[in-house]
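Here's the structure we're looking at; comments come further down.
Chain letters run A, B, ... following the sequence lines, proteins first and then strands; every chain starts at 1.
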Amino acid sequence: MPAPFVAPDSPFGDWDGTPAGARLLQRELARQVLLQDDFPVLRLVAGVDVGFEEAGHVTRAAAVLLDVETLEPLAERLVRMPTSMPYIPGLLSFRELPAVLHALAELPQVPDLVFCDGQGIAHPLRLGIAAHLGVVSGLPTIGVAKKILVGTHAELGPRQGDQVDLVYRGDVVGTVLRSKDRVRPLIVSPGHRVSLANAPRLVMACVTRYRLPEPTRLADRLASRRVGRGGPQPG
DNA sequence: GCGACAG
DNA sequence: ATCTTGTCGC
């Protein structure tokens, strides 16, 4: 019997619904983040992402399960639910996590590691969506963002694999990583149960011919309904 | 007080 | 995130 992932009752505890209350909860959950590699095996990786329909009134969350060796998708799930909150910088997880947890719970097996579109600890309160997802689900997570939310960094080299630290308030909170030659870098930060040093390595291990690592890329395509048409063929 | 600001 | 066609460059 495959072990299903069980979504927690609420990723927000007894949140009062206000932005101020959300920040109090973020501080509390941030204390539970583990920045050490803690996954005995690594065979199944998942990618999760969110898109919107109906002018934003409907939230679509996608979860894709892949074999970490072949990077081939083993299962894909999509869930739709009414959007509950607007986008507020710093509070992204409060808008997207409910749908993401449901999509994850639909997967036939529990992943050993989850790639999340957005920041891990590279966040004003060290609790970006990847870190939040990790703490409430208990799963190891990594944040892979396309833009910086907070932090600064030294100039980055132009070649694939080049990387520099992302520093925020004197702390290294992530890595600015060039996943392919001459493309805009990815912002990688640990979410939960993954170390700062290993996060970029795990991301590079999942990169094929595109800028985004496969878990994130496939989830992104599904959530943004860009699947089924276009795209280069293998060869 | 003035910007900056993941998706 | 999303609205949107063709186009420039590797």
[N] [atom2] sits how many Å from [X] [atom1], rounded?
{"X": "A/Tyr168", "N": "B/dA6", "atom1": "OH", "atom2": "P", "result": "13 Å"}
{"X": "A/Lys180", "N": "C/dG9", "atom1": "NZ", "atom2": "P", "result": "22 Å"}
{"X": "A/Phe94", "N": "C/dA1", "atom1": "CZ", "atom2": "P", "result": "21 Å"}
{"X": "A/Ile129", "N": "B/dC5", "atom1": "CD1", "atom2": "P", "result": "19 Å"}
{"X": "A/Leu91", "N": "B/dC5", "atom1": "CG", "atom2": "P", "result": "17 Å"}
{"X": "A/Arg226", "N": "C/dC3", "atom1": "CZ", "atom2": "P", "result": "11 Å"}
{"X": "A/Arg209", "N": "C/dC10", "atom1": "CZ", "atom2": "C1'", "result": "13 Å"}
{"X": "A/Leu92", "N": "B/dG7", "atom1": "CG", "atom2": "C1'", "result": "5 Å"}

**OP:** Give a yes/no verdict on base stacking between B/dG7 and A/Tyr87: centres under 5.5 Å, planes within less than 30° of parallel.
**Re:**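 Per 5.5 Å and 30° rule: yes, stacked.
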Subject >> Neighbour count >12 (heavy atoms, 6.0 Å) for atom CZ, A/Arg225 >> reply: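 Above 12, so yes.
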Subject >> Crowding at CG, A/Asp14 (>12 non-hydrogen neighbours, <6.0 Å) >> reply: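 Incorrect, the count does not exceed 12.
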**OP:** For A/Arg182 and for A/Arg225, find the nucleotide of DNA chain C with the closest heavy atom, then tell me which residue's nucleotide is more 5'.
**Re:**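 Nearest-nucleotide comparison on DNA chain C picks A/Arg225.
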Checking all strands, does [X] fall into the base, sugar-phosphate, or nothing category for heavy-atom contacts under 4.0 angstrom?
{"X": "A/Leu97", "result": "nothing"}
{"X": "A/Gly128", "result": "base"}
{"X": "A/Phe52", "result": "sugar-phosphate"}
{"X": "A/Asp49", "result": "sugar-phosphate"}
{"X": "A/Ile148", "result": "sugar-phosphate"}
{"X": "A/Gly90", "result": "base"}

**OP:** Determine, using ring centers only, whether A/His192 and A/Phe39 are less than 6.0 Å apart.
**Re:**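 No; A/His192 has its ring centre 6.0 Å or more from that of A/Phe39.
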Original post:
At under 4.0 Å, does any side-chain N or O of A/Lys146 touch on OP1 or OP2 of B/dG7?
Top reply: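 Yes, because at least one side-chain N or O of A/Lys146 sits under 4.0 Å from OP1 or OP2 of B/dG7.
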Original post:
Thinking salt bridges, do A/Arg221 and A/Asp49 make one under a 4.0 Å N-O criterion?
Top reply: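 So A/Arg221 does not pair with A/Asp49 through a salt bridge.
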**OP:** Check the side chains of A/Asp117 and A/Thr216 for a donor-acceptor pair under 3.5 angstrom, ignoring hydrogens and angles.
**Re:**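 No, because no side-chain N or O of A/Thr216 sits under 3.5 Å from a partner of the opposite role on A/Asp117.
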Subject >> Given B/dG7, B/dA6, C/dT2, the nucleotide with the shortest approach to the side chain of A/Ser224 >> reply: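 From the listed options, C/dT2 comes nearest.
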